[in-house]
Amino acid sequence: MRVLGIETSCDETGVAVYDTAPGAGLLAHAVYSQIALHAEYGGVVPELASRDHVRKLLPLVRQTLAEAGLAPGDLDGVAYTAGPGLVGALLVGAGTARALAWSLDVPAVAVHHMEGHLLAPLMEDNPPDPPFVALLVSGGHTQLVAVEAIGQYRLLGETLDDAAGEAFDKTAKLMGLPYPGGPQLAALAERGTPGAFRFARPMTDRPGLDFSFSGLKTQVLLAWQQSDQGEQTRADIARGFEDAVVDTLAIKCERALDAAGSDTLVIAGGVGANKRLRAKLQEMCARRGGRACFPRPSLCTDNGAMIAFAGALRLEAGQHEDTSVRVTPRWDMATLPPLAAASP
Ligand code: ATP
Ligand code: MG
Ligand code: FE
């Protein structure tokens with residue numbers, strides 16, 4: 001089954017074709033990022049995001065189909081992000097996907113953006129089988145999820161304030177790095193001296209699987225204000241911040257594995273591209289005799305491939321939508337139907 005995936009939940013237009021035939025997989029994927037458009041505002045402007053998706057989506061669909069060597073008529077289904085996300089941005093993807101599916105007379109399926117992130121590592125070689133524990137670390141979410149089966153998710157813990165990616169971005173901003181600063185802060189941390197600045201590992205001194213990252217940002221702000229604000233100092237603070245976030249995530253992941261009785265950890269979402277986080281979690285899982293599974297870095301951040309893949313699994317299980325265009329800007333992953341229940 002060849003499925004077109006469309007992602008427009010925020011500020012990336014993502015399109016991909018995934019083929020479920022053995023040995024096929026991801027045929028093509030393309031992402032257009034709106035970062036430059038929003039940079040001067042220091043954050044995503046929803047109305048500008050929607051309008052840019054309108055401009056970029058169809059050309060990107062054409063480009064992706066051409067790269068895959070396919071005509072529209074070769075598609076067997078269309079998958080689109082229906083939430084969570086910005087309502088206007090979601091509607092562009094949902095409307096386009098529904099119209100394409102209707103004109104091609106193929107089924108369309110609504111995909112939960114975080115399920116897309118969560119399943120992205122399963123597109124890689126030697127994918128893990130549920131049950132496992134997933135760490136979702138993105139710009140809007142930081143969650144630990146027990147994955148009993150595909151489509152069956154139990155929330156173990158989540159952030160009480162900022163998401164990990166949001167903390168990276170805000171911390172980068174307060175040290176004068178341009179939006180979105182997460183990846184730049186991580187690059188700067190490479191040149192920082194470990195231990196020069198030490199920040200707290202929030203909420204690790206008590207039991208529980210929830211996170212809080214907003215206090216860490218304040219600690220960094222104070223350290224930055226009281227420092228000489230030189231280049232090396234900025235790198236040292238970046239390193240101290242990154243180590244604090246990575247350690248905190250690793251401590252909670254290990255607790256979650258203990259709680260779930262598992263040794264397999266799946267990591268997804270933009271912060272999953274962070275090199276130090278990848279190394280730390282791999283080391284922790286290896287020590288337990290288990291493993292940590294990540295998508296390649298380009299599939300950690302928003303993309304159409306994860307939507308095509310998650311949608312293909314659901315379409316193959318017989319799930320699809322009626323012809324109305326509906327989106328769900330706030331959507332709890334625990335309410336998703338399990339995959340098996342929809343099988344014929
Ligand atoms: P959500 O998926 O929760 O709706 P989102 O789609 O905006 O949010 P993603 O695209 O998954 O989030 O990830 C973007 C986030 O990942 C940004 O906050 C960005 O700073 C962060 N990020 C990307 N690369 C890195 C990196 N190497 N180190 C740390 N953070 C990173
Ligand atoms: Mg984004
Ligand atoms: Fe995302």
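A quick note: this is a predicted structure, and the numbers were derived from the prediction, not measured. Ligands are counted one by one from 1 in listed order, and the atoms in each one are counted from 1 as well. Residue numbers run from 1 in the order of the sequence given.
- Residue contacts with ligand 1: P183 is included, with a non-hydrogen atom under 4.0 Å away.
- Every N/O-N/O distance between T301 and ligand 1 stays at or above 3.5 Å.
- Looking only at atom types and distance, the side chain of H141 has no donor-acceptor partner in the side chain of E158 under 3.5 Å away.
- Heavy-atom separations between M114 and ligand 1 include at least one value shorter than 4.0 Å.
- Counting only heavy atoms of the protein, atom 9 (P) of ligand 1 lies nearest to D302 OD1, 3.6 Å.
- In this structure, the separation between CD on E115 and CZ on F309 is 10.0 Å, given to the nearest 0.5 Å.
- With a 4.0 Å heavy-atom cut-off, ligand 1 is reached by the side chain of A186 but not by its N, CA, C or O.
- For atom 28 (N) of ligand 1, the nearest protein heavy atom (residue, atom name, distance) is N274 ND2, 3.0 Å.
- The Mg ion (ligand 2) has an N, O or S atom of E12 under 2.8 Å away, backbone or side chain.
- More than 12 heavy-atom neighbours from other residues, nucleotides or ligands sit within 6.0 angstrom of CG on D322.
- A donor-acceptor pair shorter than 3.5 Å can be found between the side chains of E7 and S9.
- Note: F211 and F213 have parallel aromatic rings, judged against thresholds of 30 and 60 degrees for the angle between ring planes.
- Side chains of T193 and D236: a donor-acceptor N/O pair is present below 3.5 angstrom, by distance only.
- Protein atoms of type N, O or S found under 2.8 Å from the Fe ion (ligand 3) total 3.
- Considering only heavy atoms from C-beta on, P295 stays 4.5 Å or farther from M123 through its side chain.
- Between F197 and F241, the ring center distance fails the sub-6.0 Å criterion.
- Comparing A273, C300, S33, G139 against atom 14 (C) of ligand 1, the shortest heavy-atom distance belongs to G139.
- Taking all heavy atoms of Q143, Q184, H113 into account, the minimum distance to atom 4 (O) of ligand 1 is reached by H113.
- No donor-acceptor contact under 3.5 angstrom links the side chains of N303 and E12, judged on distance only.
- Each of the atoms 1 (P), 3 (O) of ligand 1 lies under 4.0 Å from some heavy atom of H141.
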Discussion item. Y153 vs E148, test: side-chain hydrogen bond (donor to acceptor under 3.5 Å, both in side chains). Steps then yes/no.
Written reply: CA-CA 6 Å; Y153 309 117; E148 329 276 6; over 6 Å; no
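- Closest heavy-atom contact between L90 and T81: CD2-O, 3.6 Å.
- Of the heavy atoms in D169, only side-chain atoms (C-beta onward) come closer than 4.0 Å to ligand 1.
- In this structure, T328 contributes its side chain and R330 its backbone to no donor-acceptor pair below 3.5 Å.
- If you check which protein heavy atom lies closest to atom 8 (O) of ligand 1, you get G140 N, 3.1 Å.
- For atom 1 (P) of ligand 1, the nearest non-hydrogen atom of the protein is S138 OG, 3.3 Å.
- Restricting D11 to its N, O or S atoms, the one at the least distance from the Mg ion (ligand 2) is OD1.
- Numbered from 1 in the order shown, with element, the atoms of ligand 1 that lie under 4.0 Å from a heavy atom of G182 read 20 (O).
- The protein heavy atom nearest to atom 22 (N) of ligand 1 is G270 O, 3.6 Å.
- No side-chain heavy atom of T171 sits less than 4.5 Å from a side-chain heavy atom of L177.
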